[in-house]
Every structure is written in C-alpha cells, then in structure tokens.
Trainee: 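Quick one: the structure is below, and I'll ask about it shortly.
This structure is a prediction, so every number in the text was calculated from the model and none was measured. Reckoned from all heavy atoms, side chains included, excluding hydrogens, waters and symmetry mates. Chain letters run A, B, ... following the sequence lines, proteins first, then strands; residues in each count from 1.
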There are 2 protein chains.
Amino acid sequence: MDQQVKDKKTAIMDAALKLFTERGFHGTSTAQISKEAGVATGTLFNYFPTKEDLINSLYFEVKGKLSRRMGKDIQAQSAFQDKLKKLWYNLIEWGLNNQDDFLFVGQFCSSPYISNYTREEVMKEYVFLHDLVEEGIASGEIRDYSGGLIIGMFYESSRTVVNFILSSGPEDKNKVIEDGFRIIWRGLAKN
Amino acid sequence: MDQQVKDKKTAIMDAALKLFTERGFHGTSTAQISKEAGVATGTLFNYFPTKEDLINSLYFEVKGKLSRRMGKDIQAQSAFQDKLKKLWYNLIEWGLNNQDDFLFVGQFCSSPYISNYTREEVMKEYVFLHDLVEEGIASGEIRDYSGGLIIGMFYESSRTVVNFILSSGPEDKNKVIEDGFRIIWRGLAKN
DNA sequence: AGCACTAATGACTGATTAGTCAATCTTATA
DNA sequence: TATAAGATTGACTAATCAGTCATTAGTGCT
C-alpha cells in the first residue's frame, strides 16, 4: 500500500470521523463522506466493504490511539499517585487535543454499530488499567472498591473535565484540570 | 384531549423512546415507530409535525421527569450531606428503574437533533442544583470548586454507577451504590 | 512504446425514507 | 337517529439511501 493509497484511505476515515460525530451514523450518507474526502463513492467501498466496516475501523483506530496515549510514561513514575496523575493528564490532553476523536468515542462507545468482535479486540489494550488499580489497592494507597467501578469513575471524571472545559468559556483550564484530579484522587485515596 | 387520544400519543412516544435508544434517530424510521405503537403512519404526524418535533418532545418530557425525581424530598433533609446523599439515591433509583429513559438521556443529551430552545427550556428546571452547591460551599462542607464542575462530576458519577450496575452481573448493587457515593462525597467534602 | 495490473470513477439500481392527503371511521350532542 | 367535528387511516410521492460494476486512468516493468 503506497502513500497515494494510504492518503485516500486516511482522507475517507478523517471525513467519516468528523461527519459521524457531527450528524450520527445513519445521519451521514456514504455519498457525503466520499464528497468530504474528495473521492468517488466507489472508492469508499474499495477500502471498506460496508458502512459498518468503516465505523468499526474508525472505532478500532481511535480507541487504540487512546489506549496508547493513556498509558504513555506511566511506568516512568515511581509513586502510585504520580502514575494516576500522569494517567489523568494523558487522558485530558488527549481529549483536548483530539476533540473529534474524543467526541467520536463518547458517541459510539456503546453504539450498536460497533461489533462485539471490534469491542473485544479493543478491550485487550486496556487490561493494564486493572493491573494499575490492583497495585494501588494492594499498596494501600487507594480504597478497596471494585476495580471496574474505580476505572469507570476515573475515566468518566476525565471525560467530564474535558467536556466542561470545551463547553465553558473563560474559566482557567489548568485549575479545572487540577481540581478535577483532586476530586477523584481524594475520592479514591485511603487518607 | 381525552383518554383515547392521550393513549395514542403516549404509545407513539413510548415506542419512539425505545427505538431511538436502540437504533438511533436516523436509524429508526417513522414507519417503524408507528408500527411499534400500533398506529398508522399518518397518526404520528398528527401529533408531531416532524420527526424532530417528536424527539424534542421526548427529550423535554424525560428530562423534566428526571429533574422532578432528582429533587424529590431533598429539602426534607436538614444536614447538607444528607441532601446530597438523597440526590444521589434519587438519581441512581431513577436510572435503574427507568432504563429506557436513562439510556435515552445518555445518548441524546448532546445530540444535534435537540433544538437549543428545548435545551434551554429544560435547563430551567435544573437551576436548583446550583443553589444546592452554593449552600454546601458557603457552609464549608464542600470545597470551593467551580459549581459547574461539581455538578458535572456528581451527575456523571451517578451515571457511571448506574451503567456499571447495568453492565456488571452479580456484584452487590447496594454496595456499589454506597461506594459510589463515598467516592464522590470524599472527593468534594472539606474534611 | 507496449503490456499487465491495480486503483479510481460515477452513473446506476432496488430499497427505503419522511411526510401528505383524500377518504373513512368515532364520538358527542341534540 | 341524524349531523357535524375531529381523529385515524394507509396508499402514495419525491427524494435519498447503501452498494454495484463496467469503464477509465495511472503505475511499473521490459
């Protein structure tokens, strides 16, 4: 697959990501995606056999990118609180710097167009989170709540902060990010 | 508007709520909604001039019901922590006992089909939350974070807990609900 | 230049869409 | 029972949909 080809495929995915997020899956026609990407309608179907294949590919790619960004430099931190703080900043940074991706994930993470296969493949990249939480519980730094609950609360808190920053105007971004971490850390920490 | 009429309108709204949630707005045809509701396609358009009017009516009604449930018996509590706890249980109970409504709100609260007018009308019923938060900050029981951030974190935490309970199998429901409150309370409380 | 192969095209199709409307049915009142 | 007003119907339409495929354009090799 040379550069030309990759460009067209990428253009289609970029256009689809933007339009799906703005107008929904069924609200976006393949003709609109092709037009926005600057290719013919037939070209889209060369790369993605169906519209559902297209959104599954998008989901796989975006969620994969997120998992890699999330985990970046975590292990470079020694203290557990610093690991969690690094995770927090990674999540927020990803959301603020990749708004299309952020909104896409929010809208389609529990949508019926994403196949169970795609969902399971993506899930594999997130197991490290459970290990991290177990580490914190074992060392006594966070309280012994259900791992799934802790991960859910942490992740959704980061999404709340990003959404709040994106929708609120002139508030101090960095203060909101720090306050958000204080809230979730105090909520989970033992002391 | 007699009982008969109300029944048809209600049947249409119930069917639409269920189908929109399951298949999305554009993924659900007006013909499907009519069939599910047991009425003719024309009847739907007697009550709702367009498909968008239908989803806006749904949003208005469901969000209105939520705001009334949320605020129920709050003022009967004297301690601030009890008010917040009552709010928490109201939210969780609503989510668990009205799953269609819960999922509908999750999917369409930031969707482009809901008009700004509808959104603003609905927002009016939620101002009491800001007063409540101000009360807690003023009395020194919760920390002085941005009101919008506090409300967002609290609300999304409740959604996380409901989602976690709905998706996780045999875990102890009541423990999860209590743990969830502990997390958000410790996160916000001053001591 | 000539050949072989793949990428790209867009006119086309059968199916489906939101919304209409003339005709029919229901109900309330007298 | 007779009448009028409003509620209900579903066949219908113009527009749009996802996906196809015969044709054309582009590329690399000899």
Trainee: Between B:Thr160 and B:Ser157, does any side-chain donor sit less than 3.5 Å from a side-chain acceptor?
Mentor: no

Trainee: Given atom CZ of B:Phe45 and atom P of D:dT9, what is their separation to the nearest angstrom?
Mentor: 14 Å

Trainee: From the list C:dG19, C:dG10, D:dA18, which nucleotide is the closest neighbour of the side chain of B:Thr50?
Mentor: C:dG19

Trainee: So, is the end of the B:Lys85 side chain (NZ or CZ) under 6.0 Å from the ring centre of B:Phe80 and within 45° of the ring's axis?
Mentor: no

Trainee: Select base, sugar-phosphate, or nothing to describe what A:Ser29 touches, counting heavy atoms under 4.0 Å on all strands.
Mentor: sugar-phosphate

Trainee: What integer distance in Å separates A:Tyr47:OH from C:dT9:C1'?
Mentor: 12 Å

Trainee: Please report, rounded to the nearest Å, how far the C1' atom of D:dT8 is from the CD1 atom of B:Ile12.
Mentor: 10 Å

Trainee: Return the nearest nucleotide to the side chain of A:Lys8; candidates are C:dT9, D:dA18, D:dT9.
Mentor: C:dT9

Trainee: Do A:Asp100 and A:Thr21 get their side chains close enough for a donor-acceptor pair, meaning under 3.5 Å?
Mentor: no

Trainee: Round to a whole Å and report the spacing from CZ of B:Arg23 to C1' of C:dT17.
Mentor: 14 Å

Trainee: In whole Å, what is the span from the CG atom of B:Asp53 to the P atom of C:dA18?
Mentor: 14 Å

Trainee: For the base of C:dA11, is there a side-chain donor-acceptor partner from A:Thr41 under 3.5 Å away?
Mentor: yes

Trainee: When all nucleic acid strands are considered with a 4.0 Å heavy-atom cut-off, which category describes B:Thr28: base, sugar-phosphate, or nothing?
Mentor: sugar-phosphate

Trainee: Just the rounded figure in Å: distance from C1' of D:dA5 to CG of B:Asn46.
Mentor: 14 Å

Trainee: Nearest-nucleotide wise, let me know which of A:Thr43 and A:His26 is further upstream toward the 5' end of DNA chain D.
Mentor: A:His26

Trainee: Once you round it to whole Å, what is the distance between P of D:dC17 and CZ of A:Phe25?
Mentor: 13 Å

Trainee: Would you say the side-chain atoms of B:Asp53 and B:Thr50 include a donor-acceptor pair closer than 3.5 Å?
Mentor: yes

Trainee: How many whole angstroms separate atom CD of A:Gln32 from atom P of D:dT16?
Mentor: 10 Å

Trainee: Which heavy atom of B:Pro49 sits nearest to which heavy atom of B:Tyr47, and what is that distance?
Mentor: CD-O, 3.9 Å

